[in-house]
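Below, each value reflects all heavy atoms present in this structure, side chains not excepted, and no hydrogens, waters or symmetry copies.
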Amino acid sequence: MRVHIPSSHITPKAVALSRRQLLATAAAGVLGTHTAHAQGVMEPTAFKHATTHNNFLEFGLDKQDPSKHAQSLKTRPWTVTVDGLVHRPHTLDVETLLRTMALEDRVYRFRCVEAWAMVIPWMGIPLAALLARAQPLSSARHVAFQTLMDPQQMPGQRGTFLPWPYTEGLRLDEAQHP
């Protein structure tokens, strides 16, 4: 399967690699990371690498820890809460979310800040669709994400290397971009 991804949808390589050039070279060799053809078409990363080299620190510090420990994660029942500067704050359980919002299939060229990269398939609900449902106020500028806090299911949260639950954010315009 070959996928064309417009270069306007990709973080510039110089930005993605600027902090960890040495690691980028090592990661490319270890992972067999593919480079783009002149037309911007890339081959998907091997399933084995895409499913065993991950950064979900909730499951541990090693890249293989998520594939070893994620079986403990219960995805039912599960809820997503959208609140803050929105007209329609709400909490949805995963069943309602899947029943009422359209799933999309995409292929992403993913570049980690640690300078490794993969081309991976994704199926899910675009963040922009979830935000549209919540109707952000005109004063809203950012979107914050917070992980589930459950050290019983997520052994990495038992450590103190990060303040848990993990919180990250995007500018609203980034979060609404396809």
Side-chain angles (χ1 to χ4, degrees), residues 9 11 15-16 19-20 23 27 31 45 47 49-137 139-178:
H9 291 195
T11 302
V15 172
R19 295 190 325 151
R20 312 260 178 126
L23 287 176
L31 291 175
T45 300
F47 182 80
H49 296 306
T51 58
T52 61
H53 186 88
N54 294 283
N55 269 11
F56 291 98
L57 300 177
E58 291 82 0
F59 294 105
L61 294 175
D62 293 330
K63 299 291 186 253
Q64 293 76 29
D65 284 346
S67 64
K68 293 177 186 174
H69 303 297
Q71 301 85 304
S72 64
L73 180 63
K74 293 177 184 68
T75 58
R76 304 287 197 283
W78 199 347
T79 59
V80 174
T81 299
V82 182
D83 58 14
L85 297 177
V86 295
H87 288 286
R88 295 186 58 220
H90 58 280
T91 297
L92 294 170
D93 64 84
V94 70
E95 301 303 333
T96 302
L97 193 66
L98 294 172
R99 191 175 59 253
T100 61
M101 300 194 75
L103 292 174
E104 290 187 13
D105 284 309
R106 296 184 184 180
V107 176
Y108 280 102
R109 186 178 313 180
F110 176 79
R111 290 192 184 124
C112 180
V113 296
E114 293 180 342
W116 53 269
M118 294 186 192
V119 175
I120 54 172
W122 173 87
M123 177 188 280
I125 298 165
L127 180 56
L130 192 59
L131 292 172
R133 183 180 189 137
Q135 301 173 356
L137 299 175
S139 58
R141 298 289 178 261
H142 296 89
V143 177
F145 308 91
Q146 189 175 72
T147 62
L148 170 69
M149 181 62 184
D150 189 343
Q152 292 301 316
Q153 293 188 74
M154 301 174 167
Q157 290 180 335
R158 297 176 199 150
T160 58
F161 56 91
L162 279 177
W164 296 108
Y166 179 71
T167 303
E168 188 58 76
L170 287 172
R171 290 189 329 260
L172 186 57
D173 63 315
E174 292 175 309
Q176 292 172 325
H177 189 276

Checklist entry - Which heavy-atom pair separates A134 from V86 by the least distance, and what is that distance? => result O-CB, 3.3 Å
Item to check | salt bridge (charged side-chain N to carboxylate O under 4.0 Å, His left out) partners for R106, two or more places apart | outcome: E104
Item to check | Closest heavy-atom pair and its distance - A50, M118 | outcome: CA-SD, 3.6 Å
Next on the checklist: Does V107 form a side-chain contact (heavy atoms from CB on, under 4.5 Å) with I120? I'd like the steps, not just the answer.
Outcome noted: CA-CA 6 Å; V107 176; I120 54 172; over 6 Å; no
Next on the checklist: List the residues meeting salt bridge (charged side-chain N to carboxylate O under 4.0 Å, His left out) with R76, not counting sequence neighbours, and say none if there are none.
Outcome noted: E95
Item to check | Test side-chain contact (heavy atoms from CB on, under 4.5 Å) applied to T79 - qualifying residues, sequence neighbours left out | outcome: T91, D93
Next on the checklist: If the condition is side-chain contact (heavy atoms from CB on, under 4.5 Å), which residues does A140 pass it with, not counting sequence neighbours?
Outcome noted: L85, P136, L172
Checklist outcome for this item: ring pair (Phe, Tyr, Trp, His ring centres under 6.0 Å) pairs touching residues 152-171, sequence neighbours excluded, are F161-W164
Item to check | Heavy-atom closest contact (S72 atom, F59 atom, distance) | outcome: OG-CE2, 4.3 Å
Checklist entry - Is there side-chain contact between S67 and T51, with at least one heavy-atom pair below 4.5 Å? => result no
Next on the checklist: Tell me every residue that passes side-chain contact (heavy atoms from CB on, under 4.5 Å) with D83, counting only those two or more places apart in sequence or in another chain.
Outcome noted: T81, P89
Item to check | Gap between atom CZ of R133 and atom CD1 of I125 - 0.5 Å precision | outcome: 8.5 Å
Checklist entry - Pairs in or reaching into residues 50-67: which pass salt bridge (charged side-chain N to carboxylate O under 4.0 Å, His left out), with residues at least two apart or in two chains? => result K63-E114
Item to check | ring pair (Phe, Tyr, Trp, His ring centres under 6.0 Å) partners of residues 74-94, not counting sequence neighbours, each pair once | outcome: none
Checklist entry - At their closest point, which heavy atom of A102 faces which heavy atom of P126, and how far apart are they? => result O-CD, 4.1 Å
Item to check | Non-neighbouring partners of F110 that pass ring-ring contact (aromatic ring centres under 6.0 Å, His included), sequence neighbours left out | outcome: W116
Item to check | Taking every non-hydrogen atom, the tightest pair across V80 and L130 | outcome: CG1-CD2, 4.1 Å
Checklist entry - What residues form a salt bridge (charged side-chain N to carboxylate O under 4.0 Å, His left out) with D173, not counting sequence neighbours? => result R171
Next on the checklist: Once rounded to the nearest 0.5 Å, what's the spacing between atom CZ of F56 and atom CE of M154?
Outcome noted: 9.5 Å
Item to check | Residue pairs fulfilling side chain to side chain donor-acceptor pair (under 3.5 Å) with at least one residue in residues 151-163, sequence neighbours excluded | outcome: D150-Q153
Checklist entry - How many angstroms lie between NE2 in H53 and CG in N55, if you round to the nearest 0.5 Å? => result 6.5 Å
